[in-house]
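To start, the structure under review is shown below, and the notes come after it.
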Amino acid sequence: MPSLSSRANRSWWDGNADDYQVEHGGFLRDTGFVWCPEGLDEAEARLLGDVRGQRVLEIGCGAAQCARWLVTQGAEVAAFDISHRQLRHSQRIDLDTGVRVPVVQADAEALPFAAESFDLACSAFGALPFVADPAAVFREVRRVLRPGGRFVFSVSHPIRWAFPDDPGPRGLTSDRSYFDRSPYEERDEHGRLTYVEHHRTMADWVNLLVASELTVTGLLEPEWPQGHEQVWGGWSPLRGRHLPGTAIFSCAHT
């Protein structure tokens with residue numbers, strides 16, 4: 001059965017997918033692979049390497065913009081998201097661009113794919129900040145990767161948890177403990193959970209990966225680039241000059 005976190009976030013994303021795509025779709029691009037609000041583009045970063053002829057899984061794909069870019073690079077791609085409405089946007093963009101991505105609705109804690117099906121897995125802020133059990137996701141990723149396969153994913157940098165999610169000066173002063181792992185929750189008037197994000201420290205992420213027998217091969221903390229003035233929630237040029245906003249982990253199934 002899906003966890004409380006999964007059920008709440010599925011409903012939240014179904015209700016907010018339209019607004020999300022209106023607000024961020026231009027930045028993400030219909031056929032583009034943007035790793036983070038800092039604007040790091042896979043076309044330049046090449047964290048996945050040469051994907052031509054590779055079988056790739058995108059985890060928490062949203063409208064599958066990243067997966068669609070991978071298709072244009074010659075990869076054989078499958079993608080999934082927990083939100084049916086996000087996947088409807090993926091189908092819309094398929095029709096608009098003529099670049100089709102096969103997508104399925106699924107929970108990252110229980111992947112509907114056979115063992116050793118993929119050479120690569122990737123996730124740009126997909127699923128992992130929202131799941132109650134990231135260890136289950138990592139185990140599933142390792143299961144569906146072929147030996148020697150790689151997994152690259154981006155998440156909010158853990159240090160952001162210690163600061164208000166405010167793009168202005170208030171967001172530069174810590175107001176809570178970095179080590180407080182209480183999740184951020186939103187509830188309706190009846191007390192029902194409607195949205196949740198989970199906090200893990202940098203050590204938590206590394207230890208979870210080690211426990212799942214995925215080998216960490218790299219860690220990137222993208223700097224805020226000169227000339228990039230777009231604000232995305234708590235990410236902003238002001239904060240980006242002082243604090244890392246994103247952590248990108250590269251891993252291998254050895």
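Every heavy atom of this structure was used, including side-chain atoms; hydrogens, water molecules and symmetry mates were not.
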| request: Tell me who clusters with L4, hydrophobic residues only, linked when side chains sit under 4.5 Å apart either directly or through other members. | output: L193, V196
| query | Which pairs with one or both residues in residues 50-60 pass salt bridge (Lys or Arg N to Asp or Glu O under 4.0 Å), sequence neighbours excluded? | reply | R55-E76
| Should the pair R68-D94 be classified as a salt bridge under the 4.0 Å nitrogen-to-oxygen rule? | yes
| Are V101 and V56 co-members of a hydrophobic cluster defined by side-chain heavy atoms under 4.5 Å apart? | yes
| message | What I want to check is whether the side chains of D30 and T97 have a donor and an acceptor closer together than 3.5 Å. | response | no
| Donor-acceptor side-chain pairing of Q73 and Q54 below 3.5 angstrom | no
| Modelled atom types, side-chain donor and acceptor of Q21 and Q86, under 3.5 Å | yes
| query | Are a donor atom and an acceptor atom from the side chains of E38 and T246 found within less than 3.5 Å of each other? | reply | yes
| query | Is L40 reachable from F27 through a run of hydrophobic residues whose side-chain heavy atoms are each under 4.5 Å from the next? | reply | no
| message | Please determine whether residues F249 and I159 belong to a single hydrophobic cluster, defined as Ile, Leu, Val, Met, Phe, Trp and Tyr linked transitively by side-chain heavy-atom distances below 4.5 Å. | response | yes
For a quick test of your reading: what N or O donor-acceptor pairs under 3.5 Å do the side chains of residues 219-226 make, sequence neighbours left out?
residue : atom : partner : partner atom : Å
E221    : OE2  : H157    : NE2          : 2.6
W224    : NE1  : H228    : O            : 2.7

| said: Checking W69 against E42: is there a side-chain donor and acceptor pair closer than 3.5 Å? | reply: no
| request: Kindly state whether the ring of W161 and the ring of Y184 have centres lying under 6.0 angstrom apart. | output: no
| Any chance the side chains of H199 and S182 put a donor and an acceptor closer than 3.5 Å? | no
| query | What distance separates H242 NE2 from S236 OG, expressed to the nearest 0.5 Å? | reply | 9.0 Å
| task | Answer yes if the ring centres of W235 and F125 are under 6.0 angstrom apart, and no otherwise. | result | yes
| field | Ionic contact status for R176 with D180, cut-off 4.0 Å | value | no
| Nearest heavy atoms of F130 and N9, plus distance in Å | O-ND2, 3.1 Å
| If only atom types and distance count, is the side chain of T194 paired as donor or acceptor with the main-chain N or O of E186 below 3.5 Å? | yes
| message | Does this structure show an ion pair linking R187 with E185, if we count only N-O contacts that are shorter than 4.0 Å? | response | yes
| Electrostatic pair D41:R29 at N-O distance under 4.0 angstrom | yes
| Any link between I59 and L87 through a network of hydrophobic side chains (Ile, Leu, Val, Met, Phe, Trp, Tyr) touching at under 4.5 Å? | no
| query | Would you say the side chains of D14 and S83 form a donor-acceptor pair under 3.5 Å? | reply | yes
| task | Return yes if a side-chain donor-acceptor contact under 3.5 Å exists between T217 and S250, otherwise no. | result | no
| message | Between V51 and L47, is there shared hydrophobic-cluster membership here, with clusters defined by ILVMFWY side-chain heavy atoms closer than 4.5 Å? | response | yes
| message | Strictly distance-based, threshold 3.5 Å: is any side-chain N or O of R239 a donor or acceptor partner for the main-chain N or O of G171? | response | yes
| request: Compare all side-chain heavy atoms of T215 with those of V210 and state whether any distance is below 4.5 angstrom. | output: no
| query | Ion pair present between D204 and R181, side-chain N to carboxylate O less than 4.0 angstrom? | reply | yes
| field | Ring centroid separation F118 to F151 under 6.0 Å | value | no
| said: Donor-acceptor check, side chain of E140 to backbone of L111, threshold 3.5 angstrom: yes or no? | reply: yes
